[in-house]
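Written below as structure tokens is the structure these notes are about.
Residue numbers count from 1 along this sequence.
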Amino acid sequence: KMNNYQIIRKLIGAIEPVGESHIDSEMFENLQETCDLVEDLIADIYRVAQQANRPEASIGKAGRYAKNFLKDIELL
């Protein structure tokens with residue numbers, strides 16, 4: 001069974017340049033797609049992090065988790 005990371009890598013493709021321009025142009029496109037996806041995912045996580053102080057237990061829990069994640073990766 002493939003995990004989410006493996007699925008995305010398979011859908012988008014490799015992103016590491018190898019020093020061959022005909023291959024690296026495709027890798028660069030894949031990198032751009034990966035960055036676009038990560039930007040969208042981080043925006044989603046940021047919206048959840050804004051809920052960290054909500055009084056509802058499940059919303060606050062999700063918000064705190066998202067906020068801690070963003071702090072851990074130094075984006076917040």
Report the distance from atom [atom1] of [X] to atom [atom2] of [Y], rounding to the nearest 0.5 Å.
| X | Y | atom1 | atom2 | result |
| --- | --- | --- | --- | --- |
| Ile7 | Lys1 | CD1 | NZ | 8.0 Å |
| Met2 | Asn4 | CE | CG | 9.5 Å |
| Glu20 | Ser25 | CD | OG | 11.0 Å |
| Ile12 | Asp36 | CD1 | CG | 8.5 Å |
| Glu56 | Arg54 | CD | CZ | 4.0 Å |
| Lys67 | Arg64 | NZ | CZ | 10.0 Å |

Original post:
Between Ile15 and Met27, is a side-chain contact (heavy atoms from CB on, under 4.5 Å) present by the stated rule, with each step listed?
Top reply: CA-CA 5 Å; Ile15 62 172; Met27 299 297 178; 5.7 Å; no

Original post:
Of Leu31, Val38, Leu37, which meets side-chain contact (heavy atoms from CB on, under 4.5 Å) against Cys35?
Top reply: Leu31

Original post:
Cut-off 3.5 Å, side chains only: do Gln6 and Arg9 have a donor facing an acceptor?
Top reply: no

Original post:
Any chance CG of Asp40 has more than 12 other-residue heavy atoms, nucleotides or ligands included, within less than 6.0 Å?
Top reply: yes

Subject >> Residue Gln32 excluded, over 12 heavy atoms near CD under 6.0 Å >> reply: yes

Provide the closest heavy-atom pair for [X] versus [Y] in the form atom of the first, atom of the second, distance.
| X | Y | result |
| --- | --- | --- |
| Ile45 | Phe69 | CD1-CE2, 3.8 Å |
| Asp24 | Pro17 | OD1-CA, 3.2 Å |
| Ala49 | Ala66 | N-CB, 3.6 Å |

**OP:** Determine whether Tyr65 and Lys61 make a side-chain contact, defined as any pair of heavy atoms from C-beta on separated by less than 4.5 Å.
**Re:** no

Original post:
Would you call Thr34 and Ile8 a side-chain contact if the rule is heavy atoms closer than 4.5 Å?
Top reply: no

